[in-house]
Amino acid sequence: MIDVRLLRTDPGLVRASLERRGAKVDLDHLIELDSRYRALLQEVEAARAEQNAAGKRIAEARGPGKSQAIAEMKRLSDRLKQLEAELAEIRSELDHALIEVPNLVHPDAPDGFGDESNRLVSTVGSPPVFDFTPKDHMDIGEGLGIIDTERAAKVSGSRFAYLLGPAVLLEFALVRMAMDRLMPDGFVPVIPPVLVRAEAMFGTGFFPTDEAQVYRCADDDLYLAGTAEVPIASMHAREMLPADRMPRRYVGYSTCFRREAGTYGRDTRGIIRVHQFDKAEMFSFCFPEDSDNEHQRLLAHEEGIWQALEIPYRVLEICAGDLAAPNYRKFDIEAWLPGTGRWLEVTSCSNDIDYQARRLQIRTKRDSGTELVHTLNGTAVAVGRAIVALLENHQQADGSVRIPEALQPYTGFDVIGPP
RNA sequence: GGAGGCAUCGCCUAGUCAGGUCUAUGGCGCGGGAUUGCUAAUCCCGUUGGGGCGCAAGUCCCUCGCGCGUUCGAAUCGCGCUGCCUCCGCCA
């Protein structure tokens, strides 16, 4: 949610940001609603002040004057009730309109829409050279017997997978390596609940925009989180974070659930796009003036992990038109997949500034006053896609897969296979 | 799933039975100050959060878990919801 006051004081700024996103929001209507709301609010508050004063007089009054005063106040009370009903209606209209408004856009974010408008920030590492024809992750995974999507389809339908044997140990190794890199930098490991209330979905900005992507447990009115970002951001909802304990950093490990509605033709092979995967996610709550630096910090951790995995990657800054509603600025890392011959998005790192904090009411108090915090999130390891990248980049002629050195202390083995 | 209890401005707490100066009491903590004079103590002042108007000083409104209701008036009465606790059942 954006700051309504900004809408009042600098509507041009908001309008420019929304245009860069290509967001269709009727700002004039919003401004009109806000001004009607405040005008009516003043009327209501004046009436309440009158009622409060009259109430005191009644409390002190004795005798016949009292019943007369009560009769007078009844008329006042009726009028106030009518005004309050009107106020509530406008407030609700305003709230519904506001929750649809996406975040502002960072001035440095590239303009445009679609992949071709993203800015290439850097490319690191070089594609591995093979003296054989490299296979894609599915051929390798099935060959090694560590990925089984056919049986998963039998049990759960398409876009599910069984991970088996060394793939499972690889998952735990990846997660533990990420934690070990992040904990010294103040990230507190957390395993959050993955079933959350609608409030958490709205608070983090996934609702109302992405409601179609979320699994719902209708009987209990709970939703399966598509990322640990949702329960971690919501963890401190309606809290005042002590200034001397800022920033607050977490690395959350959770299973992630995504309906992938509307992606029927895309990434149907293997485990690149599945309904369920595990992920370690970084999340920071920080002071507003620190969020640009914090964003770079999260991105640096992501790059460090991919370098440790010895996988070539590139960093993209996402263009204004492709930012999700809560994002102010976003960087993706794409790993090179030699078997498939394409780049694959493996991390996403966003600065949402005060957008989530305003919805979730997460504040901090300093001498300068109380203010909303900034929130940021970034992928530490999306396990499924990390496994895909490892298999394709470190495959060997005999069908086995080499484990990069940094990971070996965690896996306990240096190779998977040969079959 | 069943039965019962609880929810007050950072934490603890008075107030709720008998609705009206509750403009919510006190303690802890925190901030500022005074005095004594040194492994500290005592005293004074301030301290929930949010919003409207205003250049400001200020002023008004809301906030006793949330919502709805009763009433001229709700921390207080009624209903619903949420959370926590205890017991029973079930359960990894």
Side-chain angles (χ1 to χ4, degrees), chain A residues 1-10 30-99 191-203 217-223 230-231 234-246 248 254-255 285 288 354-373:
Chain A
M1 193 142 50
I2 58 158
D3 188 350
V4 206
R5 273 168 294 198
L6 188 64
L7 205 54
R8 267 173 234 158
T9 56
D10 198 352
L30 210 55
I31 292 167
E32 157 75 14
L33 268 181
D34 174 56
S35 114
R36 270 168 56 204
Y37 169 74
R38 281 178 301 134
L40 194 55
L41 181 63
Q42 278 182 59
E43 260 192 83
V44 167
E45 289 190 353
R48 281 206 272 248
E50 213 182 317
Q51 188 182 57
N52 287 342
K56 272 177 203 168
R57 286 199 298 276
I58 290 173
E60 288 162 6
R62 295 286 178 273
K66 184 155 183 163
S67 52
Q68 194 192 333
I70 287 177
E72 271 171 36
M73 193 153 140
K74 178 142 183 62
R75 283 196 293 279
L76 181 60
S77 168
D78 288 343
R79 176 166 164 270
L80 181 59
K81 267 177 195 145
Q82 200 181 333
L83 284 175
E84 279 176 335
E86 279 176 50
L87 185 71
E89 201 175 314
I90 294 187
R91 176 81 237 184
S92 145
E93 209 179 321
L94 183 61
D95 285 344
H96 280 92
L98 273 175
I99 202 123
I191 295 178
V194 292
L195 276 168
V196 302
R197 297 217 171 102
E199 184 199 1
M201 287 295 183
F202 277 106
C217 300
D219 284 349
D220 301 285
D221 220 12
L222 290 170
Y223 301 84
V230 174
S234 304
M235 180 164 57
H236 289 302
R238 296 182 299 279
E239 286 183 28
M240 192 75 74
L241 302 180
D244 58 359
R245 291 187 56 197
M246 293 282 280
R248 297 284 279 265
S254 81
T255 301
F285 302 85
D354 60 5
Y355 186 89
Q356 295 180 327
R358 180 169 294 106
R359 291 177 170 218
L360 291 166
Q361 294 175 61
I362 307 170
R363 292 161 296 164
T364 186
K365 187 160 43 170
R366 289 186 283 185
D367 294 343
S368 47
T370 312
E371 63 197 320
L372 295 166
V373 302

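Residue numbers begin at 1 in each chain, while the letters A, B, ... track the order of the sequences.
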Between N or O atoms, less than 3.5 Å apart, protein on one side and nucleotides 76-81 of chain B on the other: list the pairs.
none

- Query: Contact class for A:Arg5 (heavy atom, under 4.0 Å): base, sugar-phosphate, or nothing?
  - Reply: sugar-phosphate
- Item | Euclidean distance, atom CG of residue A:Asp34 to atom P of B:G51 [Å, nearest integer] | 13 Å
- Task: Would you check if A:Leu360 and A:His236 make a side-chain contact, meaning some heavy-atom pair closer than 4.5 Å?
- Result: no
- Measure the spacing between NZ of A:Lys81 and CG of A:Leu76 and express it to the nearest 0.5 Å. 10.5 Å
- Message: Would you measure the distance from the P atom in B:C72 across to the matching atom in B:C81 and give it in whole Å?
- Response: 28 Å
- Is there side-chain contact between A:Leu33 and A:Tyr37, with at least one heavy-atom pair below 4.5 Å? no
- Query: On a whole-Å scale, what distance lies between the P atoms belonging to B:C6 and B:A57?
  - Reply: 45 Å
- Item | Atom-pair distance (CG on A:Leu98; P on B:G51), nearest Å | 14 Å
- Query: If you round to the nearest 0.5 Å, how far is CD of A:Gln51 from CD1 of A:Ile58?
  - Reply: 9.0 Å
Give every pair of a protein N or O atom and an N or O atom of nucleotides 58-61 of chain B that lie under 3.5 Å apart, one pair per line with the distance.
residue, atom, partner, partner atom, Å
B:C61, OP1, A:Asn52, ND2, 3.2
B:C61, O2', A:Arg48, NE, 3.2

- Say you pick atom P in B:C77 and the same atom in B:C84; how far apart are they, in whole Å? 24 Å
- Applying a 3.5 Å limit to both distances, which nucleotide forms a Watson-Crick or G-U wobble pair with B:C55? none
- Message: Can you confirm whether A:Gln82 is buried at CD, in the sense that more than 12 heavy atoms of other residues, nucleotides or ligands lie under 6.0 Å from that atom?
- Response: no
- Task: Counting Watson-Crick and G-U wobble pairs only, both distances under 3.5 Å, name the nucleotide matched with B:G20, or none.
- Result: B:C72
- Item | A:Leu6, CG: over 12 other non-hydrogen atoms inside 6.0 angstrom | yes
- Query: Of the residues in residues 356-364 of chain A, which ones touch RNA chain B at a heavy-atom distance under 4.0 Å?
  - Reply: A:Arg363
- Item | Gap between atom CZ of A:Arg91 and atom CG of A:Leu40 - 0.5 Å precision | 12.0 Å
- Task: Send over the distance from A:Leu40 CG to B:C62 P, rounded to a whole Å.
- Result: 15 Å
- Message: Looking at B:G31, which nucleotide sits across from it as a Watson-Crick or G-U wobble partner, both distances under 3.5 angstrom, or is there none?
- Response: B:C45
- Please say whether more than 12 non-hydrogen atoms of neighbouring residues, nucleotides or ligands are located less than 6.0 Å from CD in A:Glu239. yes
- note: A:Asp3, atom CG; B:G51, atom C1'; distance rounded to Å ~ 13 Å
- Task: Check A:Leu83 against A:Ala47 and note the closest heavy-atom contact, atom names and distance.
- Result: CD1-CB, 4.4 Å
- Query: For A:Arg197 and A:Leu222, what are the C-alpha separation, side-chain angles and deciding distance, and is it a side chain to side chain contact (heavy atoms under 4.5 Å, CB included)?
  - Reply: CA-CA 5 Å; A:Arg197 297 217 171 102; A:Leu222 290 170; 4.1 Å; yes
- Message: Measure CG/A:Asp221 against P/B:U82 and give the value in whole Å, please.
- Response: 10 Å
- Item | Spacing of A:Leu30 atom CG and A:Ser35 atom OG [to the nearest 0.5 Å] | 11.0 Å
- Query: Below 4.5 Å, heavy atoms only, C-beta onward: do A:Leu41 and A:Glu45 meet side chain to side chain?
  - Reply: yes
- Per nearest nucleotide of RNA chain B, the residue lying toward the 5' end, A:Arg8 or A:Ala71, is A:Arg8
- Item | Integer angstrom distance from the P of B:C17 to that of B:G69 | 22 Å
- Item | Nearest-Å distance for atom pair CG/P, residues A:Leu41 and B:G51 | 12 Å
- Item | A:Arg79 atom CZ, neighbour heavy-atom count above 12 within 6.0 Å | no
- Task: Using heavy atoms and a sub-4.0 Å distance, could you list which residues of residues 74-89 of chain A are near RNA chain B? By number, please.
- Result: A:Lys74, A:Ser77, A:Lys81
- Item | Check against side chain to side chain contact (heavy atoms under 4.5 Å, CB included), A:Met73 and A:Arg57 | CA-CA 10 Å; A:Met73 193 153 140; A:Arg57 286 199 298 276; over 6 Å; no
- Query: Would you say A:Arg248 and A:Met246 make side-chain contact, with heavy atoms under 4.5 Å?
  - Reply: yes
- Query: How far apart are the C-alpha atoms of A:Lys74 and A:Glu72, what are their side-chain angles, what is the distance that settles it, and do they pass the side chain to side chain contact (heavy atoms under 4.5 Å, CB included) test?
  - Reply: CA-CA 5 Å; A:Lys74 178 142 183 62; A:Glu72 271 171 36; over 6 Å; no
- Distance between C1' atoms of B:A14 and B:A92 (Å, rounded): 44 Å
- Identity of whatever pairs with B:U82 - Watson-Crick or G-U, under 3.5 angstrom: B:A7
- Message: Can you measure A:Gln42 atom CD to B:C62 atom P for me and round it to whole angstrom units?
- Response: 15 Å
- Item | Straight-line distance of A:Arg5 CZ to A:Asp34 CG, nearest 0.5 Å | 10.5 Å
- Test side chain to side chain contact (heavy atoms under 4.5 Å, CB included) applied to A:Met201 and A:Val196, step by step: CA-CA 8 Å; A:Met201 287 295 183; A:Val196 302; 3.9 Å; yes
- Item | Sub-4.5 Å side-chain heavy-atom contact between A:Pro288 and A:Glu371 | yes
- Message: Applying a 4.0 Å non-hydrogen cut-off, can you work out what A:Arg197 is touching in the nucleic acid: base, sugar-phosphate, or nothing?
- Response: sugar-phosphate
- Nucleotide opposite B:C90 in a Watson-Crick or G-U pair, distances under 3.5 Å: none
- A:Ser254 to A:Val194 - nearest heavy-atom pair and separation: CB-CG1, 3.7 Å
Write down the protein N/O and nucleotide N/O pairs, taken from nucleotides 15-18 of chain B, whose separation is under 3.5 Å; answer none if there are no such pairs.
none

- Starting at CZ of A:Arg245, measure out to OG1 of A:Thr364 and round the result to the nearest 0.5 Å. 11.0 Å
Extract from the structure each pairing of a protein N or O with an N or O of nucleotides 19-25 of chain B at less than 3.5 Å, listing the distance.
none

- When the P atoms of B:U63 and B:A24 are considered, how many whole Å apart are they? 13 Å
- When you compare B:G49 with B:C64, how far apart are their P atoms, in angstrom units rounded to a whole number? 16 Å
- Quantified in whole Å, what is the C1' atom distance between nucleotide B:A75 and nucleotide B:U23? 14 Å
